[in-house]
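Data block below; observations after.
Note that the structure is a prediction, hence the values are computed from the model and not measured. First the proteins, then the strands, lettered A, B, ... as listed; each starts at 1.
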Amino acid sequence: MLDARYLRENLDTVGTRLATRGSAVSLEGFKECDARRREVLQENESLKAVRNRVSEEISRIRDKSLAQGRIAEMREVSQRIKSLDDQLRSLDEELQGYLLTIPNIPHETTPVGASESDNVEIRKWGVVPAFSFDPKPHWEIGEALDILDFERGAKLTGARFTLCKDAGAKLERALINFMLDLHTGRHNYVEMLPPFMVNRDSMTGTGQLPKFEEDLFRLDGLDYFLIPTAEVPVTNIHRGEILRGADLPLRYTAYTPCFRKEAGSYGKDTRGYIRQHQFNKVELVKFCRPDDSYRELELLLNDAETVLQLLGLPYRIVELCTADIGFSAAKTYDIEVWLPSQNTYREISSCSNFEDFQARRASIRFRETDKAKPEFVHTLNGSGLAVGRTLVAILENFQQADGTVLIPVALRPYMGGMEKIG
RNA sequence: GGAGAGAUGGCCGAGUAGGCCGAAGGCGCUCGCCUGCUAAGCGAGUAUACUGGGAAACCGGUAUCGAGGGUUCGAAUCCCUCUCUCUCCGCCA
């Protein structure tokens, strides 16, 4: 959420910057509503000031019969106030409606672009494997090794659900533990295990609601939602809090399953394990001072990259352009891992700086000293990494001519010493 | 699921025959004084949001005692609804 006052005073500039996102954002509604609201607010508050003053006078009059005139007068003032209160309530709601659906302003370093083809490749790491045979897609490898069972996943639930079996299940679990140990041990993140379903306030705090409800699974009869990413519960840990400056930056990591409806991606990635309604992810979340957030973003990106480096998976870093960054983000780097079967890089992590956009929605502030005014923190997060896609990358990149798959050395301790699958 | 108790400022904790309560007191914190160090002591200050004025320092208004409604000239105090916490019983991984 943008600051209403800032928006009011910089309406044109903000409009221009938001336009680079591609989708038209109209600020007219906000402007008009904001003006009306302040008008009503002012009349209302001055009437309340009168009422407070006169009521105070009435309280000092012993003989209330002498106050009847003023009491009658105030009765009318109160009527008027009540009506203005109602108007104000609906105007507030309307204004919030505008503010909650206006996306974040892209950072000045976010490349301006019209579509994802304008994203900018920053760097590459690793060597793309050369195969002496035709590399298979991961779903064939997984089925041949009997570690990924798509048919039974669909039987148990439906399309885009998969049953992991035996070494597949173990590999998934090993990756989770490997990532968490790396981030808590070497990168100094604090591990969290949050609830996998959250309430509406939490979803609004990080920006999934009110605009993107159709992407979420909601529980029938309860206003709870299955989390689409650990970003939601972990960022909301400090919703409504004032943190101590001395404690910043806070770094949290969390494993959670993620649940997404994937509405609007019906034709995409229909085969395999790339796009599921439920998938595992290890997430990195930071809360920091505004001045530090862009430095912290680079560090966060490095922390996520380290996972791929230790696993020996080739990847590249892409800086998303204004047309491709998410609703809440000011700047985003994607990490894309090499997938031989698709002969291309595919997203495996997305690292974003939200600046104070989420912090303002969720009211997450800090006080530099005990006397200082509270300021909004900056929030960041990134996948570290998407576990299912990491498993896919391992199957495809480390597949052998005989159909087996080599397990990365770093992962072997987590696999009971196993060196290959099959 | 059944029965009861409670939710006040950073924390603890007063306040329930409605008015002078943004809210006593204590702790904590900040600044100053004092004591040759430490401890103690003394004085002052110490919420947030919105909004009007001002270049700013700052000054004014309104709101906030879990949340939302209601009664009233006026509500932390009365009424209703909801949420959460705690205790006991039942059930359960």
Side-chain angles (χ1 to χ4, degrees), chain A residues 1-11 30-100 193-205 209 219 221-225 233 236-248 250 257 356-377:
Chain A
M1 185 163 70
L2 303 179
D3 178 25
R5 212 169 346 180
Y6 177 82
L7 185 54
R8 182 188 306 146
E9 286 161 13
N10 302 277
L11 207 69
F30 163 82
K31 185 180 174 182
E32 193 192 317
C33 180
D34 177 61
R36 266 189 299 148
R37 187 190 83 99
R38 278 186 302 154
E39 203 176 297
V40 173
L41 183 71
Q42 277 163 42
E43 185 187 351
N44 196 25
E45 291 196 343
S46 58
L47 284 179
K48 281 181 177 173
V50 168
R51 184 179 67 181
N52 284 346
R53 206 189 63 238
V54 175
S55 288
E56 217 262 317
E57 287 169 18
I58 293 172
S59 76
R60 282 202 301 265
I61 298 173
R62 284 281 165 75
D63 183 352
K64 295 299 186 230
S65 63
L66 296 175
Q68 284 314 311
R70 269 183 271 198
I71 287 178
E73 218 174 291
M74 285 309 104
R75 205 186 323 249
E76 274 176 39
V77 170
S78 273
Q79 289 294 319
R80 176 70 183 148
I81 287 173
K82 193 168 291 186
S83 136
L84 290 173
D85 272 342
D86 288 341
Q87 289 180 44
L88 209 53
R89 206 180 345 265
S90 75
L91 284 171
D92 272 335
E93 233 169 80
E94 197 184 328
L95 197 69
Q96 279 300 305
Y98 285 118
L99 286 172
L100 289 174
L193 185 62
F196 300 160
M197 52 181 90
V198 299
N199 59 31
R200 185 169 287 273
D201 285 344
S202 293
M203 282 295 184
T204 305
L209 292 178
L219 270 68
L222 277 174
D223 212 21
Y224 293 168
F225 300 83
N236 277 283
I237 287 173
H238 294 300
R239 171 156 49 84
E241 295 183 11
I242 299 176
L243 306 169
R244 302 190 334 163
D247 294 337
L248 299 178
L250 290 172
D356 62 8
F357 189 85
Q358 293 180 327
R360 182 172 290 108
R361 285 177 161 243
S363 187
I364 307 169
R365 294 173 293 175
F366 77 101
R367 224 191 282 273
E368 192 54 67
T369 65
D370 286 330
K371 299 278 278 185
K373 265 214 179 336
E375 291 179 65
F376 289 112
V377 298

A:Tyr224 has an atom OH; how far is it from atom C1' of B:C84, in whole Å?
10 Å
Taking B:A76 as the reference, what is the distance to B:A23 when you measure between their P atoms (whole Å, please)?
12 Å
Scan every strand shown for a Watson-Crick or G-U wobble partner of B:U48, both distances under 3.5 Å, and answer none if you come up empty.
B:A63
Beyond-backbone contact of A:Leu84 with A:Gln87, side-chain heavy atoms, under 4.5 angstrom
yes
Using atom CG of A:Leu95 as one end and atom P of B:A49 as the other, report the distance to the nearest whole Å.
17 Å
Kindly indicate whether the side chain of A:Ile71, heavy atoms from C-beta on, has any atom under 4.5 Å from the side chain of A:Gln68.
yes
Please check: side-chain N/O of A:Arg360 versus main-chain N/O of A:Met1, any donor-acceptor pairing under 3.5 Å?
yes
Which base, if any, makes a Watson-Crick or G-U wobble pair with B:C58, both distances under 3.5 Å?
B:G53
A:Asp34 CG to B:C50 C1', straight-line distance once rounded to whole Å:
11 Å
A:Met74 and A:Val50, any side-chain heavy atoms less than 4.5 Å apart:
yes
Between B:U30 and B:A40, how many Å separate the two P atoms, rounded to a whole number?
13 Å
With rounding to the closest Å, how many angstrom separate the P atoms on B:A24 and B:G19?
16 Å
Starting at atom CG of A:Asp201, determine the distance to atom C1' of B:U83, rounded to an integer number of angstrom.
11 Å
Taking the same atom, C1', in B:U16 and in B:C92, what whole-Å distance lies between them?
41 Å
Does B:C50 have its OP1 or OP2 closer than 4.0 Å to a side-chain nitrogen or oxygen of A:Arg8?
no
Just name whichever nucleotide pairs with B:G36, Watson-Crick or G-U, keeping both distances under 3.5 Å, else none.
none
Sugar-phosphate, base or nothing in reach of A:Arg200, heavy atoms under 4.0 Å
nothing
Whole angstroms only, please: what is the CZ-C1' distance between A:Arg5 and B:C50?
8 Å
Identify the nucleotide, in any strand shown, that forms a Watson-Crick or G-U wobble pair with B:U16, with both distances under 3.5 Å; if there is none, say none.
none
Could you let me know what B:A75 is paired to, Watson-Crick or G-U wobble, both distances under 3.5 Å, or none if it's on its own?
none
So does A:Tyr6 get a backbone contact from the side chain of A:Asn10, meaning a donor-acceptor N/O pair under 3.5 Å?
yes
Can you check the A:Lys373 NZ to B:U30 C1' distance for me, whole Å?
15 Å
Minimum side-chain heavy-atom gap A:Leu248-A:Val377 below 4.5 Å:
yes
Could you check which nucleotide pairs with B:C27 in any of the strands shown, counting Watson-Crick or G-U wobble with both distances under 3.5 Å?
B:G10
Any strand is fair game: report the nucleotide pairing with B:G68 by Watson-Crick or G-U wobble, both distances under 3.5 Å, or none.
B:C80
B:G66 and B:U72: how far apart are their C1' atoms, nearest whole angstrom?
24 Å
Out of B:A47, B:G61, B:G52, which nucleotide sits closest to the side chain of A:Arg367?
B:A47
Of A:Arg365 and A:Asn44, the one whose nearest nucleotide on RNA chain B sits closer to the 5' end is A:Arg365
If I pick the C1' atom on B:C58 and the same atom on B:G6, what distance separates them, to the nearest angstrom?
42 Å
Are the side chains of A:Leu88 and A:Glu45 in contact, using a 4.5 Å heavy-atom criterion?
no
Paired with B:U87 by Watson-Crick or G-U wobble geometry, both distances under 3.5 Å: which nucleotide is it?
B:A3
What's the gap between B:U46 and B:C11 when it is taken at their C1' atoms, as a whole Å value?
14 Å
Just the rounded figure in Å: distance from C1' of B:C29 to CD of A:Glu368.
16 Å
Value in whole Å for how far the P atom of B:G53 lies from CG of A:Leu41:
13 Å
Residues two or more places apart in sequence or in another chain: which of them pass side chain to side chain contact (heavy atoms under 4.5 Å, CB included) with A:Asp201?
A:Asn199, A:Arg239
A:Gln42 side-chain N/O to B:U51 phosphate OP1/OP2 under 4.0 Å
no
Can you check whether A:Asp92's main-chain N or O pairs, donor with acceptor, with A:Arg37's side chain at less than 3.5 Å?
no
P atoms of B:A56 and B:G41, separation to the nearest Å:
43 Å
Expected string for nucleotides 64-82 of chain B under the B/S/- scheme (protein heavy atoms, under 4.0 Å, primed atoms plus P, OP1, OP2 as sugar-phosphate) is -----S-S-BS--------
